[in-house]
Asker: 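If you scroll down you'll find the structure; I have some questions about it.
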Number of protein chains: 2
Amino acid sequence: MRVSTRGRYAVMAMFDLAMRGEVGPVPVKAVAERQGLSERYLEQLMAPLRRAGLVRSVRGAQGGYVLARSPAAISVGDVLRVVEGPISPVACVSDPKACDRTDGCVTRGIWRRLRDRMVEVLDSITLADLCAEAAAEPAAQEPRGGTDSRA
Amino acid sequence: MRVSTRGRYAVMAMFDLAMRGEVGPVPVKAVAERQGLSERYLEQLMAPLRRAGLVRSVRGAQGGYVLARSPAAISVGDVLRVVEGPISPVACVSDPKACDRTDGCVTRGIWRRLRDRMVEVLDSITLADLCAEAAAEPAAQEPRGGTDSRA
DNA sequence: GTCATTTCCTAGTGCGTCACTAGGGTTTCC
DNA sequence: GGAAACCCTAGTGACGCACTAGGAAATGAC
């Protein structure tokens with residue numbers, strides 16, 4: 001029950017764009033370096049984000065990516081859905097045809113409830129929220145370092 | 001972000017045991033047939049459930065599996081953790097060593113919150129709850145059929 | 001106008017995991 | 001003794017993940 005690196009990287013990249021994109025387009029190279037990700041791989045994640053209308057691209061030198069909307073109008077759920085498909089713990093919850101025992105299947109209720117909660121959390125957190133958290137704890141925008149406060 | 005068939009099948013099997021296990025041990029064969037699962041595969045899922053102390057096994061003819069505790073004392077989360085490992089959307093939330101940027105990583109907060117909600121839902125649903133739901137909607141204990149009420 | 005920078009597109013690849021299948025061995029009831 | 005059941009280990013095909021690779025096209029700086 002894991003989100004893949006696709007999802008995690010995409011969120012990290014969008015957060016980076018939210019933090020740095022005020023002045024102009026941010027190149028993938030810069031995002032990848034700051035967040036410690038593979039540039040070529042991240043490049044591939046930007047394509048669906050652009051097609052989905054979450055970011056705009058500026059080609060050529062001094063180009064890069066910019067958020068297409070305000071950080072407050074983009075949720076983590078929005079980002080995840082683009083690169084990972086529907087937020088759903090099992091296929092039959094988002095696609096009724098995926099299972100022929102969908103009707104009258106008790107366990108299906110579990111997954112539907114779980115899905116609803118997951119969506120609730122993920123859609124309630126926006127990129128603006130992440131920026132606010134980063135501002136409160138300054139080390140957060142850097143790839144590593146900071147105080148050791150693990151629980 | 002999916003639960004594997006391991007998790008789903010294990011929950012279905014435990015539900016079946018909760019429904020039918022009052023009178024005596026239920027063989028894997030019967031569970032597999034009722035739930036429409038591969039017998040040999042399900043057999044392999046029962047092993048960890050037994051080792052974890054969620055079910056007891058009775059060997060030999062007329063043997064099978066019985067819940068080791070009352071259905072009300074076994075949550076869906078208990079079952080999932082046994083066959084799928086820790087309930088966690090990303091490794092770094094359950095294992096701090098999994099990521100070297102755990103400290104001061106803004107996105108980590110997302111996954112921690114998500115994890116907490118998932119655990120909340122999964123641990124709040126017991127096998128007894130599933131049995132009660134099945135009783136309310138009788139078709140639910142059968143592998144297929146029932147009224148077509150898809151949303 | 002050329003050159004560096006950057007996005008854009010497609011294809012390949014090693015690896016691991018998932019969902020089983022297979023072949024037995026051991027225990028127990030009838 | 002035989003059938004029914006659990007128990008253990010090993011294999012296997014398919015798939016997706018996490019990249020790497022090789023370019024083509026666009027654009028700004030000079």
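It should be emphasised that the depicted structure is a prediction, and the values quoted were computed from it without experimental measurement. The chains referred to below are lettered A, B, ... by the order of the sequence lines, with proteins before strands, and numbering in each begins at 1.
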Asker: What nucleotide among C:dC9, C:dC8, D:dA29 has an atom nearest to a side-chain atom of A:Tyr65?
Answerer: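 Output: C:dC8.
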Asker: Within the modelled atom types, does a donor on one side and an acceptor on the other bring the side chain of A:Gln44 and the base of C:dT7 under 3.5 Å apart?
Answerer: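 When only heavy-atom distances are counted, A:Gln44 does not reach the base of C:dT7 through any donor-acceptor pair under 3.5 Å.
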Asker: Determine: side-chain N/O of B:Ser4 to OP1/OP2 of C:dT17, distance under 4.0 Å, yes or no.
Answerer: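 No, because none of the side-chain N or O atoms of B:Ser4 sits under 4.0 Å from OP1 or OP2 of C:dT17.
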Asker: Taking CD in A:Glu39 as the centre, count heavy atoms belonging to other residues, nucleotides or ligands within less than 6.0 Å. Is the count above 12?
Answerer: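 Check passes, neighbour count above 12.
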Asker: Return whichever of A:Gln62 or A:Gly7 has its heavy-atom-nearest nucleotide of DNA chain D closer to the 5' end.
Answerer: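 It is A:Gly7, whose closest nucleotide lies nearer the 5' terminus.
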Asker: Establish, with yes or no, whether the OP1 or OP2 oxygen of D:dC17 is under 4.0 angstrom from a side-chain nitrogen or oxygen of B:Arg2.
Answerer: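 B:Arg2 to D:dC17 OP1/OP2: no side-chain N or O under 4.0 Å.
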Asker: Less than 4.0 angstrom between a side-chain N/O of B:Tyr9 and OP1 or OP2 of C:dC20, yes or no?
Answerer: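 Result: yes.
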Asker: Hey, does the side-chain of B:Arg59 have a donor or acceptor N/O within less than 3.5 Å of a partner on the base of C:dT27?
Answerer: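 Side chain to base: no pair present.
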Asker: What is the distance from CG of A:Leu37 to P of D:dC19, rounded to the nearest Å?
Answerer: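 It is 9 Å, rounded to the nearest whole Å.
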Asker: Does A:Glu133 pair with B:Arg113 as a salt bridge, N-O distance under 4.0 Å?
Answerer: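 Yes, charged N to carboxylate O under 4.0 Å.
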Asker: Looking only at side-chain atoms of A:Lys29, point me to the closest of C:dT6, C:dC20, D:dA5.
Answerer: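 Side chain of A:Lys29 sits closest to C:dT6.
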Asker: If you count the non-hydrogen atoms of other residues, nucleotides and ligands that lie under 6.0 Å from CD in B:Glu22, is the total more than 12?
Answerer: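 12 or below, so no.
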Asker: Check the distance between C:dT17's P and B:Glu84's CD and give it to me in whole angstrom.
Answerer: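 Roughly 14 Å, once rounded to whole Å.
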Asker: Can you see if the side chain of B:Thr5 gets near the phosphate of C:dC18 - specifically, an N or O under 4.0 Å from OP1 or OP2?
Answerer: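 Checking C:dC18 against B:Thr5, no side-chain N or O comes under 4.0 Å of OP1 or OP2.
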Asker: D:dA10, OP1 or OP2 - any side-chain N/O from B:Arg40 closer than 4.0 Å?
Answerer: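 No, because none of the side-chain N or O atoms of B:Arg40 sits under 4.0 Å from OP1 or OP2 of D:dA10.
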Asker: Indicate if A:Tyr41 and A:Val31 have the same hydrophobic cluster label, given that clusters are the connected sets of ILVMFWY residues with side-chain heavy-atom separations under 4.5 angstrom.
Answerer: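 Same hydrophobic cluster.
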Asker: Any N or O donor-acceptor pair linking the side chain of A:Glu43 to the base of C:dC8 at under 3.5 Å?
Answerer: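 Indeed there is one.
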Asker: When you measure from the side-chain N and O atoms of B:Ser57 to the phosphate of D:dA5, is any distance below 4.0 Å, counting only OP1 and OP2?
Answerer: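 Checking D:dA5 against B:Ser57, no side-chain N or O comes under 4.0 Å of OP1 or OP2.
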Asker: Kindly point out which of C:dC29, D:dA5, D:dG28 is positioned nearest to the side chain of B:Pro27?
Answerer: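 So the nucleotide nearest the side chain must be D:dA5.
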Asker: Return the minimal non-hydrogen interatomic distance between A:Val79 and A:Val11, and the atom names on each side.
Answerer: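 Minimum heavy-atom separation between A:Val79 and A:Val11: CG1-N, 3.9 Å.
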Asker: Whether B:Arg50 contacts D:dC6 is assessed here as follows: a side-chain N or O lying under 4.0 Å from the phosphate OP1 or OP2. Is that the case?
Answerer: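 So the side-chain polar atoms of B:Arg50 never come under 4.0 Å of the phosphate oxygens OP1 or OP2 of D:dC6.
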Asker: Base, sugar-phosphate, or nothing: which does B:Arg56 touch, judged by heavy atoms less than 4.0 Å apart?
Answerer: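 Nothing: the residue B:Arg56, judged by heavy atoms under 4.0 Å, touches no strand.
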Asker: May I ask you to verify if any side-chain N or O of A:Tyr41 is less than 4.0 angstrom from the OP1 or OP2 atom of D:dA21?
Answerer: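 The answer is no; no side-chain N or O of A:Tyr41 sits under 4.0 Å from OP1 or OP2.
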